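Since the structure comes first, as structure tokens, the remarks are kept for the end.
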Amino acid sequence: MVEQKTLQCDVLVAGGGPAGVAAALAAARSGARVVLCQDRPVLGGNASSEVRMHIVGADCSGRRGVPLATETREGGIIEEIRLETAVRNPQRSASMLDLILYEKCRAEPNLTLLLDTAVTGAEVDGERIVAAWADRHSTEDRFCIEAAVFIDCTGDGRLGVEAGAPFRHGREGKDEFGESLAVAEADRKTLGSTLLFQARKHDRPMPFKAPPWARKFTEEDLKFRPHATAGVDRGLEYGYWWVEWGGTLDTVKDNAAIRDELLAIMLGVWDHIKNGGDHGAENWALEWFGFLPGKRESRRFIGHYTLREQDLIESRPFEDAIAYGGWPIDLHPPEGIDAPGERPARQVQLEYLYDIPLRACVARYPVNLMFAGRNISATHVAFGSTRVMATCAAVGQGVGTAAAVAVSEGVTPCELLTRPDLIREVQQRLLRDDAYLIGHVNRDPADVARRARVRASSEQPEGEAANILSGQTRSTHGPLGAPPSRTVPGTHRWMSDPARGLPAWIELEWETPVCPREIRLVFDTGLHRVLTLSHSDAFVQRMVWGRPQPETVADYVIEARAADGRWEKLVEVEGNYQRLRVHRLEKPVATTCLRITCLATQGIDHARVCEVRVYE
Ligand SMILES: Cc1cc2nc3c(=O)[nH]c(=O)nc-3n(C[C@H](O)[C@H](O)[C@H](O)COP(=O)(O)OP(=O)(O)OC[C@H]3O[C@@H](n4cnc5c(N)ncnc54)[C@H](O)[C@@H]3O)c2cc1C
């Protein structure tokens, strides 16, 4: 029997992909009571074990980090997840990422996670959504979820559509936004969907017999789609993003037909590799393959601003930036593999990182609807870059934080857009939580570290102690980083002198006593390098995987100097591998000096600290 249950919260997040998880965690950590509904049994969307796509982002898989070590990998929640996965999942199990996302959500007291629960309806009163309906078939429950703010992270935009929010579908014509990469005439075509696979090499030949309905491919059909080469023992362990199809259909209404055809295509490609000539694949066999199409594109909502090609190419500044992107504009033929004469992707590199404004994540109608992920307000061309998962997660963190601020201030997201003071509050919270926003620096009046004097046991010329208070926590200057006019050059971190060895310490001193309740530290985790769970062996060889990043401070203590000059130990940490560490002190002590002593790192020969914040 279906039972109806009413839940009340501040923020409902529909969809638990990279955007939804980050939005829910950010809102919950910012004090909002959050319900996260995910229609399937695991979180992660296209990165989950059901699809297995690797998360990439603005750093262009490390390309922006060469040659100047420009640090463009996303910080904040997605960095926390990446670091956790790199350390706890050396085996690169897809299910471990599901588990880490699940654990992160379960660990938040403000967050109620409803798995297997699909949002299927919305109740709108005037200009506001008052409740969403969600169904959990496994328990025969129907939830009525009342909230102040609703965030649609479903990819397909189901919640917003049910609430009557306007959206775009397909490709804009050149005339509409004046985009050079747009098609001449608008159409309803999108990027297609994909089924990935994993394969394993055995110590004996492994036969493969394709089902009779599998498609047949020749070498000519796949001439622009690199797969396997005869005589080269090239890894076949991870399938092909270009097994893409369905962009000329409706990726929502035709999803089941697209799945069936993709199975025929994916198995047909494998049949070609195994049985269609010598591909060096004799001992290889399929280990896993998806049944759930990884969907690239469907609806895109219409917000208060539509992000477009020129914003990305010129890196136009937005005063309401809540995230940044940097992946190339990555467009594919909608026909996918049925366009054998075309390359499967055209990637237009972007010179600089670019802003993503909050206005592109707030619906014009209803006034309390926000969105994050691949359904934000962007043209098809701009979406070609914003769609990658670390960018989706950065937007998710921005939107979740903005939703929490809207709730605590008693305004709708639409009203929030008209309040520069609240937008600045959102941006400052994001910086505090280790998100990066181009050109923004710490101006948090509550952070008493900003008025401290700093000195260290030793420092390098490029890594002065004072850098921990520069307000910026990474180096983004140089080619491929932030636009030169919007960033301050420098490493923005303290680096102790390797010749003096470890331990190394850094002190913050005040003229009058402070009473810290919370100390926040940001460490270096090698943001210039690529880091992501991937099932491609070649890709993983470019990363530090299966262990902490070598730049990170592993063991440290924080001490406070009492009035009588004695040092009291407040915090002791061993084996740290995270970038942001937040220490809440149970018993605040009055002090005029805090000292952070770095005892060991995860590999390098000196200590690095990017930022210290102190809150009373
Ligand atoms: C084959 C393929 C290759 C790609 N390559 C890359 C790549 O290499 N790197 C990269 O970063 N990005 C890549 N992308 C793009 C990227 O995967 C997507 O743009 C990204 O996943 C979007 O994130 P999202 O959170 O918005 O949506 P999704 O990942 O689609 O997540 C949406 C979530 O919402 C849930 N949901 C849907 N409807 C409902 C509902 N009604 N109620 C509750 N929950 C619901 C879904 O189960 C899903 O978990 C690729 C995409 C595909 C398909």
Side-chain angles (χ1 to χ4, degrees), residues 12-24 35-48 50-61 74 78 98 101 114-122 132-136 143 145 151-162 190-196 238-247 251-252 255 258 262 266 290 292-300 325 327 330 332 336 344-345 371-376 378 383-396 399 530 532-536 539:
L12 168 71
V13 179
V21 168
V35 171
L36 169 59
C37 289
Q38 160 64 2
D39 62 349
R40 304 202 294 252
V42 292
L43 297 163
N46 284 338
S48 73
E50 299 165 307
V51 180
R52 307 196 182 192
M53 201 58 241
H54 46 223
I55 295 173
V56 301
D59 64 338
C60 301
S61 303
E74 293 73 12
I78 188 65
D98 299 344
L101 298 177
L114 299 179
L115 291 177
D116 294 312
T117 306
V119 170
T120 52
W133 291 99
D135 293 305
R136 188 167 64 192
F143 298 99
I145 307 167
I151 309 179
D152 190 325
C153 298
T154 62
D156 285 352
R158 176 73 188 267
L159 169 61
V161 167
E162 293 290 337
T190 62
L191 306 192
S193 303
T194 292
L195 288 179
L196 292 165
Y238 186 46
Y240 305 114
W241 57 265
W242 48 255
V243 171
E244 180 170 356
W245 193 80
T251 51
V252 175
N255 191 44
I258 291 171
L262 276 173
M266 186 265 292
L292 185 74
K295 200 182 284 183
R296 287 185 178 80
E297 184 176 4
S298 42
R299 304 174 179 114
R300 284 168 281 115
W327 183 258
D330 181 353
H332 304 185
F371 19 82
R374 60 186 168 85
N375 60 12
I376 65 168
F383 150 90
S385 168
T386 61
R387 68 192 179 87
V388 288
M389 290 189 266
T391 304
C392 290
V395 173
V399 168
V530 56
T532 187
L533 171 65
S534 175
H535 305 292
S536 155
F539 196 21

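Just so we're clear, the structure is a prediction, and the values are computed from it rather than from any experiment. Counting starts at 1 for both ligands and their atoms, following the listed order.
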ask   = Testing T386, T154, D156, T391 for side chain to side chain contact (heavy atoms under 4.5 Å, CB included) with R374, which one passes?
value = D156
Residues in contact with ligand 1, criterion: heavy atom under 4.0 Å = G15, G16, G17, P18, A19, C37, Q38, D39, R40, G45, N46, M53, H54, I55, V56, T117, A118, V119, C153, T154, R158, T194, G294, K295, R296, G373, R374, R387, V388, M389, C392
request  = Kindly say whether S536 contributes a backbone atom to a donor-acceptor pair with the side chain of S534 at under 3.5 angstrom?
outcome  = yes
key: Full working for side chain to side chain contact (heavy atoms under 4.5 Å, CB included) between R296 and T194   = CA-CA 8 Å; R296 287 185 178 80; T194 292; 2.8 Å; yes
inquiry  = side chain to side chain contact (heavy atoms under 4.5 Å, CB included) for L292 and V51? Distances and angles first, verdict last.
reply    = CA-CA 7 Å; L292 185 74; V51 180; 4.0 Å; yes
task = Could you give me the CA-CA distance, side-chain angles and deciding distance for L36 and L43, then say whether side chain to side chain contact (heavy atoms under 4.5 Å, CB included) is met?
result = CA-CA 10 Å; L36 169 59; L43 297 163; 4.1 Å; yes
inquiry  = Looking at A378, is its backbone amide N or carbonyl O close enough to the side chain of R300 to form a donor-acceptor pair, meaning the two atoms are under 3.5 Å apart?
reply    = yes
